[in-house]
Amino acid sequence: MFACLMLEEFDLRTEALQRLAVIVRAADTACPDLAPQAAGLLAASLGLSRMHRNDLAQLDAGMHLYDAFHRWCRDAVEEGHDWPAACPA
């Protein structure tokens with residue numbers, strides 16, 4: 001909810017940010033039915049909190065995570081992993 005409010009407050013209206021806001025809301029409110037990516041964001045965020053005792057270090061690492069999610073929301077939502085595997089089965 002906070003992410004959506006921030007987008008409105010600062011008049012940030014891109015499809016990618018709207019999509020990311022839903023994912024963040026779903027992860028933050030334990031409502032994974034809102035976005036299937038929420039479980040991954042939550043898992044990565046909890047993992048970062050276990051990796052970094054220092055809040056600033058965790059924030060720095062988390063910014064990379066959120067940047068990656070934003071790039072996915074902007075450029076890669078249609079991309080799948082359905083290409084043939086390079087390694088033998």
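Keep in mind that this is a model prediction, so the values were computed, not measured.
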Side-chain donor-acceptor pairs under 3.5 Å in residues 51-60, sequence neighbours left out?
from, atom 1, to, atom 2, distance (Å)
Asn54, OD1, Leu56, N, 2.7
Asn54, OD1, Ala57, N, 2.9

Is it the case that one hydrophobic cluster holds both Leu48 and Val24, taking links as side-chain heavy atoms less than 4.5 Å apart, direct or via other members?
yes
Under the rule for side-chain contact (heavy atoms from CB on, under 4.5 Å), what residues qualify as partners of Ala44, not counting sequence neighbours?
Leu65
Can you give the donor-acceptor pairs under 3.5 Å from side chains of residues 67-76 to other protein atoms, not counting sequence neighbours?
from, atom 1, to, atom 2, distance (Å)
Arg71, NE, Asp75, OD2, 3.1
Arg71, NH2, Asp75, OD2, 3.4
Trp72, NE1, Ala76, O, 3.4

Closest non-hydrogen atoms of Pro32 and Ala38, given as atom of the first, atom of the second and distance, are CA-CB, 4.3 Å
Checking Glu15 now: which residues fulfil side-chain hydrogen bond (donor to acceptor under 3.5 Å, both in side chains) with it, not counting sequence neighbours?
Arg19
Rounded to the nearest 0.5 angstrom, the CG-CD1 distance for Leu34 and Ile23 is 10.5 Å
Nearest 0.5 Å please: distance from the CZ atom of Arg25 over to the CG atom of Leu20.
14.0 Å
